[in-house]
There are 2 protein chains.
Amino acid sequence: METTRTLPRRPRGRPARNGLDYADTRALLIRRGLEILTTQGVSATALDDVLKSINVPKGSFYHYFASKDAFVAVTVDTYAEYFARKLKQHFHNPLLTPLARLAAFVDDACHGVERHAFKRGCLVGNLGQEVSALDERLRLRLEAIFSDWEQALADCLSAAASSDELATDADCPALAHAFWVGWEGAILRARLSRSTAPMRAFFKLFLSALPRPRAFLP
Amino acid sequence: METTRTLPRRPRGRPARNGLDYADTRALLIRRGLEILTTQGVSATALDDVLKSINVPKGSFYHYFASKDAFVAVTVDTYAEYFARKLKQHFHNPLLTPLARLAAFVDDACHGVERHAFKRGCLVGNLGQEVSALDERLRLRLEAIFSDWEQALADCLSAAASSDELATDADCPALAHAFWVGWEGAILRARLSRSTAPMRAFFKLFLSALPRPRAFLP
DNA sequence: TGATATATTAGACCGAGCGTTTATAAATGT
DNA sequence: ACATTTATAAACGCTCGGTCTAATATATCA
């Protein structure tokens, strides 16, 4: 960002109707798009659903994005970045043990779903369910995002093994994989039943499955 | 159904183009609709996708069904009935122990997903993901179907507890609930990654979480 | 045999909605 | 005044779910 200019100079060209500049309008589109796509997915979302809600004309949309698909891809990347930061904050919280970090993440997720009245899910899971309508690049992108999340949790579980919260021979990558597999189902059921009970039930199952450190051998 | 007639009598009225009678055409619509909705969901499926694939004219469709939503509701009920029978077959298989019955179901599901080249998921899970676009009755119907599946599995797990495969104090309803919660995520990930690995990974986690009978106490 | 009843089809049509394209408006720079 | 840049308005062509009712193809009746 240009910080040496003392006054913002009015750029050439027609001003935006909403008074924002290019970057601000584009960011607004992405944020609102994220919200709506997380709620209702791609096929059930028309561009007008996004545009009308933030007063951006249809013609403007194509000024910022080549197509609806391009827009969806950008929102997925933005969501991935946001979620990666959230996972890092949780899984690297020095105030909590590794397993308590995971529990805090689950708690935070439950509150998040409740806060949105169980209307929002996980963008990646939602789009994953529409896999038949996605192009190959987006399918691969979703897979890569899940892999990133699994890696982040595997690292956290490795820390748990190192600090005697888990057995030292725990298969952390496999456990992390299984967590995210089941977690997407938990989010789906939470939205369907309008309750965090499925999320908590799944987490309880996950904890039960964790290999704990062995007690002293006789 | 009229069983006293010895021969099917050709009713008055124009015969169907495909040579089938009313019940056959309606059943064909439902079966094909099931296949397509399990593959791509509701919002991404046009009526013509179903109709053209089985050579049934649009006018005919509205002869059998009041609307697209009515059609979807019927396919959901049909799927639920089919799946309930499948669960009963698996969970009441006298040749296997209760836990082996669940393993056989998982195996069968893995083969099913592979057989359809990972294009088909679970109709209930697919529609569950489109919850924002569903009417309330359908949402409740999906919840009821999941409850039925949980009950079926809870009964199987109770049998496992009775036959010493599980601890006698195992919370079978809670375990069954957690299984179906995670299983829907497993199906989603299997379709996304085109692999049964997530299904098997989730099942492995589930088995690890099961409370086993205690060994002799010292 | 012709009239009538019944069941299904034809498949264009409807109005609305969809994503995308094109023409235009509103601004600044020269 | 014209060129260029930036944003928007409107049009475009297509798809969508649903409607319509005459047409059609059969069986039954008188």
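Below, chains carry the letters A, B, ... as their sequence lines are ordered, and counting in each starts from 1. Note that these values count all heavy atoms, side chains included, but never hydrogens, waters or copies made by symmetry.
Counting only heavy atoms from C-beta on, A/Ser67 has its side chain closest to C/dT20 among C/dT20, C/dA26, D/dA9. Of the listed nucleotides (D/dC16, C/dT20, D/dT24), D/dT24 has the atom at the smallest distance from the side chain of B/Arg14. Relative to the side chain of B/Lys68, the nucleotides D/dA3, D/dA7, D/dG18 differ in distance, and D/dG18 lies closest.
Residue B/His63 has a polar side-chain atom (N or O) positioned under 4.0 Å from OP1 or OP2 of C/dT8. For D/dA9, the OP1/OP2 oxygens have a side-chain nitrogen or oxygen of A/Arg17 closer than 4.0 Å.
Residue B/Arg189 is tested with A/Glu143, A/Glu184, A/Glu150 for a salt bridge (charged side-chain N to carboxylate O under 4.0 Å, His left out); the sole match is A/Glu150. The one candidate from A/Leu127, A/Ile36, A/Leu138 that meets the side-chain contact (heavy atoms from CB on, under 4.5 Å) condition with A/Val42 is A/Leu127.
Nucleotide D/dT6 holds its C1' atom 15 Å from the CG atom of A/Asp24, rounded to whole Å. Spacing between atom CG of B/Asp48 and atom P of C/dC18 amounts to 18 Å, rounded to whole angstrom units. Atom pair B/Leu51:CG and D/dG17:P shows a separation of 9 Å (rounding to whole Å applied). If you measure from atom CG of B/Leu29 to atom P of D/dG17, you get 14 Å, rounded to the nearest angstrom. Computed from coordinates, the B/Tyr64 OH to D/dG18 P distance equals 18 Å when rounded to whole Å. Regarding A/Asn55, its CG atom lies at a distance of 9 Å from the P atom of D/dA9, rounded to whole Å. Distance, B/Phe65 CZ to D/dT19 C1': 18 Å, rounded to whole Å.
Note on B/Arg101 versus B/Asp108: no salt bridge recorded, every NZ/NE/NH1/NH2 to OD/OE distance being 4.0 Å or above.
A donor-acceptor pair under 3.5 Å links the side-chain atoms of A/His92 to the main chain of A/Lys88, judged by distance alone.
Applying the side-chain hydrogen bond (donor to acceptor under 3.5 Å, both in side chains) criterion to A/Arg191, with sequence neighbours excluded, gives A/Asn126, B/Gln129.
B/Thr25 comes within contact range of no nucleotide atom at all, as no heavy-atom separation falls under 4.0 Å. Residue B/Thr45 is classed as a sugar-phosphate contact, given heavy-atom separations below 4.0 Å to backbone atoms only. At a threshold of 4.0 angstrom between heavy atoms, the contacts of B/Phe61 with the nucleic acid are absent.
Toward the 5′ end of DNA chain C lies the nearest nucleotide of B/Lys58, the other residue of the pair A/Leu47 and B/Lys58 mapping further downstream.
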